[in-house]
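To start, the structure itself, in structure tokens.
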Amino acid sequence: MKLLVTGGAGYVGSVVAAQLVEEGHEVTVLDDLSTGHEDAVPDGARFVRGSITDAGGVLRDGVDAVLHFAARSLVGESVEKPGLYWSHNLGGTLALLEAMRQAGVGRIVFSSTAATYGEPERTPIQETDPTRPGNPYGASKLAVDTALTAFAGLYGLAAVSLRYFNVAGAYGRYRERHAVETHLIPNVLKVALGERESVSVFGTDYPTPDGTCVRDYIHVADLARAHLLALDACAEGVHRIYNLGSGSGFSVKEVLDVCREVTGHPIPAEVGPRRPGDPAVLVASSEKIKRELGWKPDHTALHTIVADAWAGCQKPESERGL
Ligand SMILES: NC(=O)c1ccc[n+]([C@@H]2O[C@H](COP(=O)([O-])OP(=O)(O)OC[C@H]3O[C@@H](n4cnc5c(N)ncnc54)[C@H](O)[C@@H]3O)[C@@H](O)[C@H]2O)c1
Ligand SMILES: O=c1ccn([C@@H]2O[C@H](COP(=O)(O)OP(=O)(O)O[C@H]3O[C@H](CO)[C@H](O)[C@H](O)[C@H]3O)[C@@H](O)[C@H]2O)c(=O)[nH]1
């Protein structure tokens, strides 16, 4: 297929683009490089630097489907600058959907998020559970999910939203590298790399077994494969929503211990205050995507996820003078 990958120079988008190229698809990456890197675009994919608000030209090039990753995704920034999140994530996506309609492109796979649920009422979270986002980032993503349902009903759009939980790990050279990094695992690994002195544990007084927050870490390679299945499952006039997690929760302290084990570094940690808006436990039920699309995570062990993230951080031998 001829596919447009928005945000394909970013972390998740580059892994999916790489897997799509490996499967023999013709991939164009559209990315404004606001948080991505041109060298993350996989070999074999065409790169167009530009915004999702200006996708008409590439879409008219005979695209069969869009995989839409481009977004602003820093929760804290979204609280400080909500307008930016509404205009980028909702406004930008509406412009993209309109351009798709005009170009006759009827299929989309969208990166949604666990943040659409907010504080959960039960664990594991199912797709039918209430959506009460606790910040503008989650709200803007939920609004896109709502728009996709409307476009499917009105115009026959074939859409799948994948609600990621905590994505981690690397896929070969494709890894998480953000100028502003808020995620736990890359920040912990920065300590082992000598790029930070220590890591802060955001709260040890949560109602969890060790007092720190529990999250569901999903390997980026497993997450990426779900996009390929979703692409095949897109059906005209239907919008499907699926959670994507590994199904097990790990606390911040457990993540730290595994990172110490994998890197052999003591990784000093300080206890800090809670980060506003962090739910105590976020664990996905991914039964729906397993049942309906036959998806199955291959790398559920936290050790493997961290080991792959760590391997992704290592410079190639040529750059180390070996
Ligand atoms: N990483 C996670 O844990 C996680 C969890 C839930 C959901 N998500 C969602 O998955 C998607 C990818 O996340 P990521 O971690 O790879 O982020 P990322 O920042 O690494 O990638 C986003 C990419 O989109 C590009 N981009 C941003 N705005 C753009 C625009 N208007 N036009 C064109 N390109 C634009 C950026 O330059 C970047 O390359 C996002 O939509 C994010 O909200 C990520
Ligand atoms: O330096 C840090 C960074 C994080 N944490 C803790 O580690 C856990 C994981 O935090 P991340 O920032 O890695 O991930 P989140 O669970 O906050 O975020 C994930 O879920 C969000 C929805 O709630 C969004 O979808 C987001 O994109 C996705 O990565 C949280 O309890 C957080 O408080 C720390 O203790 N120290």
Side-chain angles (χ1 to χ4, degrees), residues 5-16 29-38 40-41 48-55 67-76 78 84-85 87-89 91-93 95-96 110-120 133-135 137-138 140-141 144 161-168 174-188 190-191 196 198-204 206 208 212-218 220 223-224 227 244-245 250-253 255-256 269-282:
V5 178
T6 76
Y11 171 43
V12 180
S14 64
V15 175
V16 176
V29 165
L30 175 67
D31 196 302
D32 67 3
L33 301 184
S34 50
T35 56
H37 308 270
E38 188 169 348
V41 175
V48 176
R49 184 171 185 173
S51 167
I52 49 168
T53 52
D54 198 14
L67 294 106
H68 179 33
F69 301 91
R72 297 271 175 155
S73 57
L74 298 175
V75 171
S78 81
L84 191 70
Y85 278 69
S87 66
H88 255 82
N89 294 357
T93 303
L96 176 69
F110 171 62
S111 303
S112 188
T113 166
T116 53
Y117 294 109
E119 187 79 45
N135 51 64
Y137 164 65
S140 68
K141 289 280 182 172
V144 172
S161 291
L162 298 175
R163 289 191 173 154
Y164 314 164
F165 281 62
N166 290 63
V167 191
Y174 306 100
R175 65 185 177 93
E176 197 164 9
R177 50 184 175 128
H178 298 128
V180 178
E181 188 54 78
T182 59
H183 289 153
L184 178 65
I185 293 176
N187 274 332
V188 173
K190 275 180 198 284
V191 181
R196 285 178 64 133
S198 66
V199 70
S200 180
V201 176
F202 298 151
T204 52
Y206 284 96
T208 58
T212 64
C213 288
V214 170
R215 293 289 181 272
D216 182 339
Y217 295 89
I218 174 169
V220 69
L223 179 94
H227 292 72
L244 272 176
F250 295 95
S251 73
V252 173
K253 280 188 181 164
V255 170
L256 270 165
E270 299 146 15
V271 174
R274 286 184 177 199
R275 188 170 65 179
D278 273 346
V281 180
L282 279 178

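Whatever order the structure lists them in is the order used to number ligands and atoms, beginning at 1.
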* Structure fact -> Of Val201, Val271, Thr182, the one whose closest heavy atom lies nearest atom 3 (C) of ligand 2 is Thr182
* May I ask you to identify, for Tyr164, whether its side chain, its backbone, both or neither come under 4.0 Å of ligand 2 on a heavy-atom basis? => neither
* Asked: Using the ring of each side chain (for Trp, its six-membered ring), is Tyr164 parallel, tilted or perpendicular to His227, with breaks at 30° and 60°?
  -> perpendicular
* **Closest approach of any protein heavy atom to atom 2 (C) of ligand 1, naming residue and atom** => Val167 CG2, 3.5 Å
* Report yes or no: does Ser112 have a heavy atom closer than 4.0 Å to ligand 1? => yes
* Asked: Which one holds for Ser200 and ligand 2: side chain close, backbone close, both close, or neither close, with close meaning a heavy atom under 4.0 Å?
  -> backbone
* Would you call Ala168 a ligand 1 contact, heavy-atom distance under 4.0 Å? -> no
* Asked: Can you check whether Leu96's main-chain N or O pairs, donor with acceptor, with His68's side chain at less than 3.5 Å?
  -> no
* Is the closest side-chain heavy-atom distance between Arg215 and Pro279 below 4.5 Å? -> yes
* Between Phe165 and ligand 2, does any nitrogen or oxygen pair lie at a separation below 3.5 Å? -> no
* Asked: Hey, is ligand 1 close enough to Phe69 that some N/O pair sits below 3.5 Å?
  -> yes
* Distance from atom 44 (C) of ligand 1 to nearest protein heavy atom, with residue and atom -> Tyr164 CD1, 3.7 Å
* Could you tell me whether Leu282 and ligand 2 have an N or O pair separated by under 3.5 Å? => no
* Asked: For His183, is at least one N or O under 3.5 Å away from an N or O on ligand 2?
  -> yes
* Heavy-atom side-chain contact between Ser112 and Val144 under 4.5 Å -> no
* Asked: Do you see a donor-acceptor pair shorter than 3.5 Å between the side chains of His178 and Thr35?
  -> no
* May I ask which of Thr6, Val41, Thr35 has a heavy atom nearer to atom 19 (O) of ligand 1 than the others do? => Thr35
* Tyr217 N/O to ligand 2 N/O under 3.5 Å -> no
* Asked: Does some side-chain heavy atom of Val41 sit less than 4.5 Å from a side-chain heavy atom of Asp31?
  -> no
* Closest protein heavy atom (residue, atom, distance) for atom 5 (C) of ligand 1 -> Phe165 O, 3.6 Å
* **Leu30, any N or O under 3.5 Å of ligand 1 N or O** => no
* **Residue among Leu162, Val12, Val16, Val15 satisfying side chain to side chain contact (heavy atoms under 4.5 Å, CB included) with Leu223** => Val12
* Asked: Considering only heavy atoms of Arg215, which atoms of ligand 2 have at least one such atom less than 4.0 Å away?
  -> 9 (C), 16 (O), 31 (O)
* Asked: Would His68 count as a contact of ligand 1 if the rule is a heavy atom under 4.0 Å away?
  -> no
* Asked: Counting heavy atoms only, which part of Arg72 comes closer than 4.0 Å to ligand 1: side chain, backbone, both or neither?
  -> neither
* So, is Gly36 polar-close to ligand 1, with some N/O to N/O distance under 3.5 Å? -> yes
* Asked: Looking at ligand 1, does Leu33 have a heavy atom less than 4.0 Å from it?
  -> yes
* Strictly under 4.0 Å, does any heavy atom of Lys141 approach an atom of ligand 1? -> yes
* To do: Look at atom 18 (P) of ligand 1 and say which protein heavy atom is nearest, naming residue and atom and giving the distance to 0.1 Å.
  => His178 NE2, 3.5 Å
* Nitrogen or oxygen of Glu176 less than 3.5 angstrom from that of ligand 1 -> no
* Asked: Counting both backbone and side chain atoms, is some N or O of Asn166 under 3.5 Å from an N or O of ligand 1?
  -> no
* **Nearest protein heavy atom with distance in Å, relative to atom 30 (C) of ligand 1** => Asp32 OD2, 3.3 Å
* Can Gly92 be said to touch ligand 1, with heavy atoms closer than 4.0 Å? -> no
* **Minimum side-chain heavy-atom gap Tyr137-Thr113 below 4.5 Å** => yes
* Asked: Given Phe110, Tyr217, Tyr137, which one has a non-hydrogen atom that is nearest to atom 43 (O) of ligand 1?
  -> Tyr137
* Structure fact -> For Cys213, the ligand 2 atoms with a heavy-atom partner under 4.0 Å come out as 31 (O)
* Do the side chains of Tyr11 and Val220 get nearer than 4.5 Å, heavy atoms only? -> yes
* Asked: What part of Val252, side chain, backbone, both or neither, has a heavy atom within less than 4.0 angstrom of ligand 2?
  -> side chain
* Asked: For atom 37 (O) of ligand 1, which candidate among Asp31, Val75, Val12 holds the nearest heavy atom?
  -> Asp31
